[in-house]
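Here is how names work: the chains are called A, B, and so on, in the same order as the sequence lines, proteins then strands, and each is numbered from 1.
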Amino acid sequence: MSRQVVTRFAPSPTGMLHIGGVRTALFCWLFARKHGGRFILRVEDTDLSRSTDDNIRIIEEGMAWCGLEWDEGPVQGDPSQWVGPHGPYRQMQRMELYRAKIQELLDKGLAYRCRCSRETIEARRKTVETAGKVFQYNRGMDRGKGCADAGHDASQPAAIRFRMPETGDILVADLIKGDTRFPADSLDDWIIARTGDGPGQIGVPTYNFCVVVDDTHMEVTHVIRGDDHLNNTPKQIPLFEAFGYDLPAFAHVPMILGADGAKLSKRHGATSITEYQAMGLLPSAVRLALARLSWTPKIDGRAVESAEEELLTDEQMIQLFDLADCQKSAARFDMDKLQWINQKLIQRSPWQELEPHLRPFVPELWDNKPAAWRERAITATQKGKSLTDMAEALRFAFERPESFDEKAVEKFLTPSLKPALAEVAALADYTHDALEAAFTSILERHGLKTKDLAQALRVALCGKPVSPGIYDTLMLVGREEVAERLKRWL
RNA sequence: GGGGCUAUCGUCUAGGGGUCAGGACACCGCCCUUUCACGGCGGUAACACGGGUUCAAAUCCCGUUAGCCCUACCA
């Protein structure tokens, strides 16, 4: 009988939620949902210099916007509260546990106090490296010089090191990377707790220690994280063993690179999830695009094979998700594909579903419009690549043009069109069918083509020769306002 | 320097001994069209390099190169 699946996303609050982190979180979320398990959000704030409530809030908001709801973790916006049986979910609030576990290792002789100053270690490192060897604490040329053997003055504050195995290989059985072996003699006794405040004190524990304790105490069954942590795993495994803990399953997902193949950073443009939000992307599109980096969904053992199949719903993603279908190599982030997915999802969303997402991008006036108008506004612009495109395409409906495209005026607003425009200005019935009928009649009487009138109207009404379908354009501007905007051209 | 991971069209990828090396995005062309778009149809384009193993290698093995990660009292 296997335990319920539990995954976790454990970001450190550095000031933004990185898109790469979101992708890792997404994999954790998909995996938990697929197996009917739980998904934990845990905040790794042991780096005191960077962690603030504000930074934690940024993570919570980013996750929430992405639709990656967590079953256990902090309560959004309230630092004092959490949901779930294994809280608190902020590491700085879990110090008692860590200190007890460190004391346990100390008592068992599996860890020891290290009083080597940074200066001493640097000096020793230098000696070893000038001899052309690799420096490892208390290993190789440094053997016998570490505190494990030295019996330093116990009255001094100390850091704490974990006694690592010295021979053999440490095996990481990774669900994505496969079996990976690390020679034990390439590692050394690493620090699990920083120097404490006074003699006998235990300082703030380090990342690699907290993860092991937390993952176990939070009953995490599957550690799914970025592959920058693959090299940390052989440090952590002996620690699990020292505690007598069961090993979770590990899955290290490849990194996301910028378009040029370098690590995704500021200069590639958007790295923070809030920037994607501001670009007018749907959270569902971000989820799909991110999921498809390094993951190929297989339907009946066959990779997706058409544009239609590419456009998976969340339900389909959850159903299809499998770590075995994940790539081992890093993927470059493709903004074009994200935008294509966004466009497709915008196109196929019912207008009511789109409205709350579009709302932040349009003027306040939006709320005063009747439902029929809002529906028309959305359906008339639903071919845009983004919500910002839609909002831009709807500007004419909220405000009069500030300026008029001179070339377009010259080309389309010819004097001969005035009588036809005057007739349009006088139209009373603003239903689609009535407008169409009226246009047919006007066109016929004036010997014009649809294009002539439509373009002239677009320029007169919107200032430029681009707008939604001409009847939609008229209806969105509204009868009285059309008459008003047409006056100056008659 | 040491250890680890990775390598198929521009990008995401399928393919795991015999394929005209398949698809999606992007790009280009044609069609549709009241503008911009949407849509439809078609096209260009790839196995990093060098050795093996084999009748046969993108596929298996070794090496090289390149990129990334770890090598902190950061996470």
A.B. asks: Can you check whether R139(A)'s main-chain N or O pairs, donor with acceptor, with D142(A)'s side chain at less than 3.5 Å?
C.D. replies: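 No: the side chain of D142(A) does not pair with the backbone of R139(A).
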
A.B. asks: Measuring only the P atom in each nucleotide, how far is rG4(B) from rA14(B)? A whole number of Å is fine.
C.D. replies: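 So the two P atoms sit 25 Å from each other.
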
A.B. asks: Answer yes or no: are there more than 12 heavy-atom neighbours, outside K263(A) itself, under 6.0 Å from its atom NZ?
C.D. replies: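 Open.
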
A.B. asks: Checking side-chain polar atoms at under 3.5 Å, does D214(A) have a donor or acceptor matched by the opposite partner on Y98(A)?
C.D. replies: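 Checked: D214(A)/Y98(A) side chains pair up, N/O donor to acceptor below 3.5 Å.
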
A.B. asks: So, is R348(A) near the phosphate of rC38(B), with a side-chain N or O under 4.0 Å from OP1 or OP2?
C.D. replies: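 No, because none of the side-chain N or O atoms of R348(A) sits under 4.0 Å from OP1 or OP2 of rC38(B).
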
A.B. asks: How many Å lie between NE2 on H252(A) and C1' on rU6(B), as a whole number?
C.D. replies: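 One finds 15 Å between C1' of rU6(B) and NE2 of H252(A), rounded.
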
A.B. asks: Report all interatomic pairs (protein N or O, nucleotide N or O of nucleotides 9-14 of chain B) with separations under 3.5 Å.
C.D. replies:
residue	atom	partner	partner atom	Å
rC12(B)	OP1	R332(A)	N	2.9
rC12(B)	O2'	R292(A)	O	3.1
rU13(B)	OP1	S294(A)	N	2.7
rU13(B)	O3'	T296(A)	OG1	2.9
rU13(B)	O3'	Q327(A)	OE1	3.4
rU13(B)	O2'	T296(A)	OG1	3.4
rA14(B)	OP1	Q327(A)	OE1	3.4
rA14(B)	OP2	Q327(A)	OE1	3.3
rA14(B)	OP2	Q327(A)	NE2	3.3

A.B. asks: Could you run down nucleotides 62-69 of chain B 5' to 3' and tag each one B, S or - for protein heavy-atom contact under 4.0 Å?
C.D. replies: -------B

A.B. asks: When you measure from the centre of the six-membered ring of F412(A), is the NZ or CZ of R458(A) under 6.0 Å away and within 45° of the axis?
C.D. replies: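 No.
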
A.B. asks: When you check every protein heavy atom under 4.0 Å of nucleotides 40-50 of chain B, what one-letter string (B, S, -) results, 5' to 3'?
C.D. replies: -----------

A.B. asks: So do L338(A) and Y276(A) actually touch side chain to side chain, heavy atoms under 4.5 Å?
C.D. replies: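 The answer is yes; the side chains approach within 4.5 Å.
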
A.B. asks: With a cut-off of less than 4.0 Å, is there a side-chain N or O of R181(A) near OP1 or OP2 of rC5(B)?
C.D. replies: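 No, outside the criterion.
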
A.B. asks: Taking the same atom, C1', in rC32(B) and in rG22(B), what whole-Å distance lies between them?
C.D. replies: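 Each nucleotide's C1' atom is 29 Å from the other's.
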
A.B. asks: Is there a side-chain contact between N231(A) and F182(A) (heavy atoms, below 4.5 Å)?
C.D. replies: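 In contact.
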
A.B. asks: Do R94(A) and P88(A) have side chains that get closer than 4.5 Å, going by heavy atoms?
C.D. replies: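 Side chain of R94(A) against side chain of P88(A), heavy atoms only: contact under 4.5 Å found.
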
A.B. asks: Taking a pair as Watson-Crick or G-U wobble with both distances under 3.5 Å, which nucleotide is matched to rC73(B)?
C.D. replies: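 With both distances under 3.5 Å required, rC73(B) matches none.
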
A.B. asks: Syn versus anti for rG15(B), judged by chi lying within 90° of 0?
C.D. replies: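 Anti.
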
A.B. asks: Whether T46(A) contacts rA75(B) is assessed here as follows: a side-chain N or O lying under 4.0 Å from the phosphate OP1 or OP2. Is that the case?
C.D. replies: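 Checking rA75(B) against T46(A), a side-chain N or O does come within under 4.0 Å of OP1 or OP2.
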
A.B. asks: Can you tell me the base-pairing partner of rA45(B)? Count Watson-Crick or G-U wobble geometry only, both distances below 3.5 Å, and say none if there is no partner.
C.D. replies: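 By the stated definition (distances under 3.5 Å), nothing pairs with rA45(B).
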
A.B. asks: For the residue pair H222(A) and F27(A), is the inter-centroid distance of their aromatic rings smaller than 6.0 Å?
C.D. replies: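 No, the ring of H222(A) stays outside the 6.0 Å limit from the ring of F27(A), centre to centre.
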
A.B. asks: Without hydrogens or angle criteria, can the side chains of Y112(A) and D189(A) be said to hold a donor-acceptor pair below 3.5 Å?
C.D. replies: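 Yes, side-chain donor-acceptor contact under 3.5 Å.
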
A.B. asks: Write down the partner of rC20(B) under the Watson-Crick or G-U wobble criteria, each distance required to be under 3.5 Å.
C.D. replies: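 By the stated definition (distances under 3.5 Å), nothing pairs with rC20(B).
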
A.B. asks: Starting at CD of E308(A) and ending at C1' of rC25(B), how long is that distance when rounded to a whole Å?
C.D. replies: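 The distance from CD of E308(A) to C1' of rC25(B) comes to 15 Å, rounded to the nearest Å.
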
A.B. asks: When rounded to the nearest Å, what value does the distance between C1' atoms of rC70(B) and rU53(B) take?
C.D. replies: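 Per the computed distance, 35 Å lies between those C1' atoms.
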
A.B. asks: From CD1 of I121(A) over to P of rC73(B), roughly how many Å is that when rounded to an integer?
C.D. replies: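 Result: 7 Å.
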
A.B. asks: Got a donor-acceptor contact below 3.5 angstrom from the R124(A) side chain to the N138(A) backbone?
C.D. replies: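 Here the side-chain-to-backbone pair does not exist.
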
A.B. asks: Checking one value: the base orientation of rC30(B), syn if chi is within 90 degrees of 0, otherwise anti.
C.D. replies: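 Base orientation: anti.
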
A.B. asks: Looking at T216(A), L110(A), V212(A), which hits side-chain contact (heavy atoms from CB on, under 4.5 Å) with L239(A)?
C.D. replies: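 Single pass found, and it is V212(A).
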
A.B. asks: Under a 3.5 Å limit for both distances, which nucleotide forms a Watson-Crick or G-U wobble pair with rC9(B), could you say?
C.D. replies: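 Result: none.
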
A.B. asks: Calculate the interatomic distance between Q343(A) atom CD and rG39(B) atom C1'; express it in whole Å.
C.D. replies: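 Value for this atom pair: 11 Å.
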
A.B. asks: Taking atom OG1 of T271(A) and atom CG of L17(A), what is their separation to the nearest 0.5 Å?
C.D. replies: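 The CG atom of L17(A) is 10.0 Å from OG1 of T271(A), to the nearest 0.5 Å.
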
A.B. asks: Please confirm whether the backbone N or O of A184(A) pairs with a side-chain atom of E166(A), one donor and one acceptor, at under 3.5 Å?
C.D. replies: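 Not confirmed, E166(A) side chain does not pair with A184(A) backbone.
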
A.B. asks: Tell which nucleotide pairs with rU53(B), taking only Watson-Crick or G-U wobble pairs whose two distances are both under 3.5 angstrom.
C.D. replies: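 Result: none.
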
A.B. asks: Sequence neighbours left out, what passes side-chain hydrogen bond (donor to acceptor under 3.5 Å, both in side chains) with Q136(A)? Give chain and number order.
C.D. replies: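 Scan of Q136(A) (side-chain hydrogen bond (donor to acceptor under 3.5 Å, both in side chains), adjacent residues dropped) gives none.
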
A.B. asks: Verify the ring-centre separation between F439(A) and Y471(A): is it less than 6.0 angstrom?
C.D. replies: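 That pair passes the under 6.0 Å test.
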
A.B. asks: Mind checking the P distance from rA48(B) to rU13(B)? Whole angstroms is fine.
C.D. replies: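 To the nearest whole Å, 15 Å.
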
A.B. asks: Which is more 5' along RNA chain B, the nucleotide nearest D45(A) or the one nearest W340(A)? Just name the residue.
C.D. replies: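 It is W340(A), whose closest nucleotide lies nearer the 5' terminus.
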
A.B. asks: Taking the side chain of P183(A) as its heavy atoms from C-beta onward, which of rC73(B), rC25(B), rG3(B) lies nearest to it?
C.D. replies: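 The nucleotide sitting nearest to the side chain is rG3(B).
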
A.B. asks: Please check if the side chain of Q347(A) supplies one atom and the backbone of Q382(A) the other of a donor-acceptor pair under 3.5 Å.
C.D. replies: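 Side chain of Q347(A) to backbone of Q382(A), a donor-acceptor pair under 3.5 Å: no, none is there.
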
A.B. asks: Just to be sure I understand the rule, does R225(A) reach a base, reach only the sugar-phosphate, or reach nothing, if contact means heavy atoms closer than 4.0 Å?
C.D. replies: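 Result for R225(A) = nothing.
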
A.B. asks: Judged by atom type as modelled, is there a donor-acceptor pair below 3.5 Å linking the side chain of K177(A) to the main-chain atoms of K328(A)?
C.D. replies: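 Yes; at least one donor-acceptor contact below 3.5 Å.
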
A.B. asks: Does rG39(B) pair with anything, Watson-Crick or G-U wobble, both distances under 3.5 Å, and if so, with which nucleotide?
C.D. replies: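 Pair assignment: rG39(B) / rC31(B).
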
A.B. asks: Looking at T473(A) and P468(A), would you say the former's side chain and the latter's main chain have a donor-acceptor pair under 3.5 Å?
C.D. replies: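 Side chain of T473(A) to backbone of P468(A): a pair is present.
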
A.B. asks: Could you give the distance separating rA58(B) and rG42(B) at their P atoms, to the nearest angstrom?
C.D. replies: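 It works out to 30 Å between them.
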
A.B. asks: Between rG16(B) and rU8(B), how many Å separate the two C1' atoms, rounded to a whole number?
C.D. replies: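 The same atom, C1', in both gives a distance of 13 Å.
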
A.B. asks: Going by heavy atoms in the side chains, are M218(A) and R8(A) under 4.5 Å from each other?
C.D. replies: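 No. Closest side-chain heavy atoms not under 4.5 Å.
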
A.B. asks: From CD of E305(A) over to C1' of rG22(B), roughly how many Å is that when rounded to an integer?
C.D. replies: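 Between C1' of rG22(B) and CD of E305(A): 7 Å.
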
A.B. asks: Between V466(A) and V304(A), name the one whose nearest nucleotide on RNA chain B is closer to the 5' end.
C.D. replies: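 Final value for this comparison: V304(A).
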
A.B. asks: If the P atom of rU44(B) is compared with that of rA7(B), how far apart are they to the nearest Å?
C.D. replies: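 Looking at atom P only, rU44(B) and rA7(B) are 28 Å apart.
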
A.B. asks: Distance check needed: rA72(B) C1' versus F162(A) CZ, whole Å only.
C.D. replies: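 Rounding to the nearest Å, CZ of F162(A) and C1' of rA72(B) are 18 Å apart.
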
A.B. asks: Heavy atoms only, 4.0 Å cut-off, all strands: where does D188(A) land among base, sugar-phosphate and nothing?
C.D. replies: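 Result for D188(A) = nothing.
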
A.B. asks: Could you go over nucleotides 28-34 of chain B and give all protein N or O partners under 3.5 Å, atom names and distances?
C.D. replies:
residue	atom	partner	partner atom	Å
rU34(B)	O2	R458(A)	NH1	3.2
rU34(B)	O2	R458(A)	NH2	3.0

A.B. asks: Could you give the distance separating rU19(B) and rA56(B) at their C1' atoms, to the nearest angstrom?
C.D. replies: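 Nearest-Å result for rA56(B) against rU19(B) at atom C1': 14 Å.
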
A.B. asks: Where along residues 380-394 of chain A does a heavy atom come under 4.0 Å from RNA chain B, residue by residue in number order?
C.D. replies: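 Those residues whose heavy atoms fall under 4.0 Å from RNA chain B, taken from residues 380-394 of chain A in numerical order, are K383(A), K385(A).
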
A.B. asks: Is a donor-acceptor pair below 3.5 Å formed from side chain T195(A) to base rC73(B), judging by atom type as modelled?
C.D. replies: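 Side chain to base: pair present.
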
A.B. asks: Grab the OH-C1' distance between Y207(A) and rC70(B) for me, whole Å please.
C.D. replies: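 Spelled out: OH on Y207(A) to C1' on rC70(B) is 12 Å.
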
